[in-house]
Colleague: 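Let me begin by handing over the structure; questions about it come next.
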Amino acid sequence: MATVISSSCICPQVLTQQPRIAPRTPEISKVSCSSSSLPSSTFFRRHSLKKEENILLKGQNGKFSGRRTGSCWAHTGFAVKAVAVSNDSVRTTPMGLQVVETDKPNSRVLLSVTVPANVCKTAYDEVIKEFSKKVKVPGFRPGKRIPENVLVNYIGVSQVRSSAIEAILKKTLGEALSSVAGRALKESEHITSKFQDLEASFSPDAALSYDVTVDVAPEIEWTSEKAYRNLKVTVELESDSTPEQNANKEFRSRLKDLGSLRVKESGGLEMGDVGIIDISCNRVNPDGTLGDRILSAEQKGKRAGFQLDTEDGANFLPGFVDALVGINRDETREFKLVFPQTWSQEFLRGIHAQFTGFCKEIFVRRLPEVDDSLAPKLLEGSTSIEQVKTLLLQKHESEAAQAKKQATHFAIAEELAKVVIVDVPHSLLEEQGRQMYAAKLIELQAKSKLAKEQVIQLSSPEMVTNYLQAQKDKITDTVKQTLAVAQIFKLENLQYTEEELNSEIESAIAEFNSYNQEYDEKRVREQAEELLEGSKVMDWLVANSQIEYRTLTTVQE
């Protein structure tokens with residue numbers, strides 16, 4: 001039974017933790033000098049609008065592009081050493097385009113493109129020619145030349161201009177972007193000129209100008225030469241309890257589950273007993289008077305309050321159980337406590353509160369006799385009490401080692417973000433943020449068994465946008481860590497084996513299947529490589545950092 005004094009039951013925040021799904025690799029765009037394969041009806045929209053339809057979970061192939069749970073220290077897989085672009089550099093392309101390149105913040109380049117009149121005229125004539133082949137104008141036989149003015153008037157000036165502008169963009173955009181080919185991030189190009197402005201100013205005999213921005217691979221620098229070497233890291237561990245203590249606690253909990261409760265005929269609540277208690281709570285003002293109620297710390301019911309197991313004192317507010325020991329049935333007791341600074345809900349930290357407890361019933365616990373015949377009931381598959389204890393100890397030793405490793409990796413990553421200098425592109429922030437949000441949805445869906453309609457609602461553009469804005473700083477740090485890890489893998493010439501890669505791929509596919517999620521095999525392989533490289537880097541950093549471990553005793557969640 002969940003208790004109101006357990007910190008985990010007060011306003012759980014399920015979508016604000018660190019992602020456990022690796023980010024999608026930002027790819028370098030292969031910019032071609034010809035975009036003729038793009039359909040004119042979708043071209044301008046493709047390059048000027050963000051693709052909200054692919055906002056979450058779906059990749060280019062319509063398949064899931066998020067990564068399974070696991071280490072989040074994947075790297076980006078692209079060359080992060082970018083060639084600097086001089087401010088306002090001007091160049092003329094073979095087609096005669098004049099392109100002015102201007103550096104912008106966040107590793108973005110603005111390209112101001114001027115298309116010469118002859119190119120505009122050629123594109124316009126091609127559009128007119130195509131229309132004359134396909135459009136049937138009353139009074140003209142098929143194949144007969146239609147005067148341009150008649151054709152334009154029949155089709156509509158606006159439609160002809162729009163088609164001509166799209167044709168010009170298709171013809172010129174690839175060549176305009178050629179200077180950033182090889183370092184432009186895939187699908188980051190964005191035409192910033194308004195289409196209606198281009199249409200209003202268009203003339204087939206005049207030059208046409210438009211602006212396009214593109215994100216480029218950011219340059220990685222360090223606060224000092226190889227600042228990532230010998231990092232000084234402090235790792236705070238959440239609990240000072242040992243694996244042995246946790247194993248004994250779980251053994252006792254399993255044993256209690258097999259026991260029974262009987263009503264205590266006389267006497268007050270003692271250690272080892274279970275009480276059914278109504279709890280109310282008020283803030284205590286600085287002058288000692290009672291303030292507002294703290295509803296999240298209250299529990300009342302017509303038939304029952306909450307079940308207080310006196311042996312689980314570590315799960316409750318410090319001093320809470322001690323304050324209720326000795327209470328009798330039908331007795332009301334008041335006591336004051338202070339929420340510690342380690343309490344999981346920040347809005348309650350340091351708050352002085354007065355609790356009122358009304359005891360409805362007291363139970364004495366009866367435990368079964370402990371012998372080997374009880375072993376299978378305590379732990380399926382076990383044959384002796386000794387085996388049960390051994391397996392539980394192994395479980396908690398493994399959990400403790402994993403928790404320590406994860407805490408170490410997070411602490412190192414935080415320090416890494418402090419020593420890396422990178423102008424993070426907006427496209428990487430958005431992509432990383434969407435993957436983080438996707439990871440949260442998958443985790444939430446796995447825990448809460450959300451209906452498909454609920455997942456769709458949580459995947460709405462508004463929900464994702466709100467998450468990206470609220471978590472911008474965290475997303476930025478994650479991208480910086482990701483880029484730093486990629487750079488370290490190359491600088492230190494780290495390697496992984498083919499066997500390790502195949503094992504990671506098999507594990508990833510198995511987990512996707514367990515979630516009934518589609519996946520892209522190529523993408524799975526890429527992310528397996530990223531995760532392995534990230535893992536190798538983190539292992540290297542652990543071995544080459546000064547690490548201090550501190551135990552922080554907190555209220556258990």
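No experiment lies behind these values; they were computed from the predicted model shown.
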Colleague: Does one side chain, of Y124 or E148, offer a donor that lies under 3.5 Å from an acceptor on the other?
Modeller: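 Yes, because at least one side-chain N or O of Y124 sits under 3.5 Å from a partner of the opposite role on E148.
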Colleague: Using only heavy-atom distances, determine whether the side chains of R145 and S132 contain a donor-acceptor pair under 3.5 Å.
Modeller: no
Colleague: Taking E500 for the side chain and T497 for the main chain, is one N or O donor matched with an acceptor at less than 3.5 Å?
Modeller: yes
Colleague: Would E199 and K194 pass as an ion pair if we require N to O under 4.0 Å?
Modeller: no
Colleague: With no hydrogens and no angle check, just 3.5 Å: does a side-chain donor-acceptor pair link E511 and Y519?
Modeller: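 Short answer, no.
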Colleague: Is the closest side-chain heavy-atom distance between V214 and H190 below 4.5 Å?
Modeller: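 Counting from C-beta outward, V214 and H190 never come under 4.5 Å.
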Colleague: Going from CD on Q196 to OG on S162, what distance comes out if it is rounded to the nearest 0.5 angstrom?
Modeller: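 Taking CD in Q196 and OG in S162, the distance rounds to 10.5 Å.
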Colleague: For the residue pair L185 and V216, what are the closest heavy atoms and their distance?
Modeller: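 Minimum heavy-atom separation between L185 and V216: CG-C, 4.1 Å.
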Colleague: When rounded to the nearest 0.5 angstrom, what is the spacing between CH2 in W343 and CZ in R349?
Modeller: 11.0 Å
Colleague: To check you understand the geometry: which heavy-atom pair defines the closest contact between A227 and L231, and what is its length?
Modeller: O-CD2, 3.4 Å
Colleague: Heavy-atom count check: over 12 atoms from other residues, nucleotides or ligands less than 6.0 Å from E548 CD?
Modeller: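 Counting neighbours around CD of E548, more than 12 heavy atoms of other residues, nucleotides or ligands fall under 6.0 Å, so yes.
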Colleague: For T192 and D211, test the side chains for any donor-to-acceptor distance below 3.5 angstrom and give the result as yes or no.
Modeller: no
Colleague: If only atom types and distance count, is the side chain of Q481 paired as donor or acceptor with the main-chain N or O of A413 below 3.5 Å?
Modeller: yes
Colleague: Between R91 and S178, is any pair of side-chain heavy atoms under 4.5 Å apart?
Modeller: yes
Colleague: Do L491 and Y228 have side chains that get closer than 4.5 Å, going by heavy atoms?
Modeller: yes
Colleague: Between S507 (side chain) and S503 (backbone), is there a donor-acceptor pair under 3.5 Å?
Modeller: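 Pair absent, no side-chain N/O of S507 close to backbone of S503.
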Colleague: Has S545 got a side-chain atom pairing as donor or acceptor with V542's backbone, closer than 3.5 angstrom?
Modeller: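 No: the side chain of S545 does not pair with the backbone of V542.
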Colleague: Given 3.5 Å as the limit, does a donor-acceptor pair link the side chain of K121 with the main chain of P204, or not?
Modeller: no
Colleague: Please determine whether a side-chain nitrogen of the Lys or Arg among D125 and K129 lies less than 4.0 Å from a carboxylate oxygen of the Asp or Glu.
Modeller: no
Colleague: Does the side chain of S427 pick up a donor-acceptor pair with the side chain of D215 at under 3.5 Å?
Modeller: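 On atom types as modelled, these side chains qualify, holding a pair under 3.5 Å.
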Colleague: Going by distance alone, is a donor N or O of one side chain under 3.5 Å from an acceptor N or O of the other, for S163 and Q159?
Modeller: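 Yes - a donor-acceptor pair under 3.5 Å links their side chains.
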Colleague: Determine, step by step, whether V422 and E221 satisfy the side-chain contact (heavy atoms from CB on, under 4.5 Å) criterion, reporting the C-alpha distance in whole Å, the side-chain angles of both residues, the deciding distance to 0.1 Å, and the verdict.
Modeller: CA-CA 6 Å; V422 57; E221 297 180 356; over 6 Å; no
Colleague: Any luck finding a side-chain donor-acceptor pair between E189 and T213 under 3.5 Å?
Modeller: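 On atom types as modelled, these side chains do not qualify, holding no pair under 3.5 Å.
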Colleague: Is it the case that over 12 heavy atoms from other parts of the model lie below 6.0 angstrom from the CG atom of D292?
Modeller: no
Colleague: Taking atom CD of Q457 as the centre, report whether more than 12 heavy atoms of other residues, nucleotides or ligands fall under 6.0 Å from it.
Modeller: no
Colleague: Are any side-chain N or O atoms of R183 and backbone N or O atoms of A217, one a donor and one an acceptor, separated by less than 3.5 Å?
Modeller: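 Absent.
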Colleague: Do T172 and Y210 pair up side chain to side chain, a donor and an acceptor below 3.5 Å, judged on atom types alone?
Modeller: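 Per modelled atom types, T172 and Y210 side chains form a pair under 3.5 Å.
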Colleague: Does one side chain, of T92 or Q98, offer a donor that lies under 3.5 Å from an acceptor on the other?
Modeller: no
Colleague: Strictly below 4.0 Å, N to O, side chains only: are R525 and E529 in salt-bridge contact?
Modeller: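 Looking at R525 and E529, the cut-off is met.
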Colleague: Taking NZ, NE, NH1 and NH2 as the nitrogens, is one of them in E492 or R229 under 4.0 Å from a carboxylate oxygen of the other?
Modeller: yes
Colleague: Could you state the interatomic distance from CG (L483) to OG1 (T478), rounded to the nearest 0.5 Å?
Modeller: 11.0 Å
Colleague: For the pair E526 and R523, find out whether any cationic side-chain nitrogen is under 4.0 Å from an anionic carboxylate oxygen.
Modeller: yes
Colleague: Does the side-chain contact (heavy atoms from CB on, under 4.5 Å) test come out yes or no for V119 and K171, once each step is laid out?
Modeller: CA-CA 9 Å; V119 175; K171 185 184 290 291; 3.8 Å; yes
Colleague: For a 4.5 angstrom cut-off between non-hydrogen side-chain atoms, does I547 reach T408?
Modeller: yes
Colleague: For the atom pair CZ (F131) and CD1 (I155), what is the distance rounded to the nearest 0.5 Å?
Modeller: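 So the gap between those two atoms works out to 4.5 Å.
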Colleague: Any side-chain to backbone donor/acceptor pair from S107 onto D423? Under 3.5 Å, distance only.
Modeller: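 Judged by distance alone, yes, a pair lies under 3.5 Å.
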Colleague: Please round to the nearest 0.5 Å and tell me the distance separating atom NZ of K104 and atom OG1 of T102.
Modeller: 6.0 Å
Colleague: Which pair of non-hydrogen atoms, one from I475 and one from G433, has the smallest distance, and what is that distance?
Modeller: CD1-CA, 3.6 Å
Colleague: With a 4.5 Å cut-off on side-chain heavy atoms, are V464 and R434 touching?
Modeller: yes
Colleague: Checking salt bridge (charged side-chain N to carboxylate O under 4.0 Å, His left out) for the pair E414/K418: CA distance, chi angles, key distance, verdict?
Modeller: CA-CA 7 Å; E414 289 180 352; K418 297 176 184 178; over 6 Å; no
Colleague: Do the non-hydrogen side-chain atoms of V160 and I128 ever get within less than 4.5 Å of each other?
Modeller: yes
Colleague: Got F202 and I168 here, is their nearest side-chain heavy-atom distance under 4.5 Å?
Modeller: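 Yes, side chains in contact.
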Colleague: Please walk me through it: do K405 and M538 pass side-chain contact (heavy atoms from CB on, under 4.5 Å)?
Modeller: CA-CA 10 Å; K405 179 179 179 180; M538 294 308 296; over 6 Å; no
Colleague: Test your reading of the model: is there a side-chain donor-acceptor pair from N106 to the backbone of R108, 3.5 Å cut-off?
Modeller: no
Colleague: I'd like to know if E415 pairs up with K232 as an ion pair, taking the criterion as any Lys NZ or Arg NE/NH1/NH2 lying under 4.0 Å from an Asp or Glu carboxylate oxygen.
Modeller: no
Colleague: Evaluate the side-chain proximity of V485 to L416: yes if any heavy-atom separation is below 4.5 Å, no if none is.
Modeller: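 L416 vs V485: side chains touch.
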Colleague: What distance do Y467 atom OH and L441 atom CG have between them, rounded to the nearest 0.5 Å?
Modeller: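 The CG atom of L441 is 9.5 Å from OH of Y467, to the nearest 0.5 Å.
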Colleague: Going through the distances and angles, do E175 and T93 end up as a side chain to side chain donor-acceptor pair (under 3.5 Å)?
Modeller: CA-CA 7 Å; E175 185 162 316; T93 72; 2.4 Å; yes
Colleague: Looking at L501, I505, V537, which one forms a side-chain contact (heavy atoms from CB on, under 4.5 Å) with L532?
Modeller: L501
Colleague: Got a sec: does the CG of D473 have more than 12 other heavy atoms crowding it under 6.0 Å?
Modeller: no
Colleague: List the steps and the verdict of side-chain contact (heavy atoms from CB on, under 4.5 Å) for Y437 and Q435.
Modeller: CA-CA 5 Å; Y437 190 74; Q435 291 300 319; over 6 Å; no
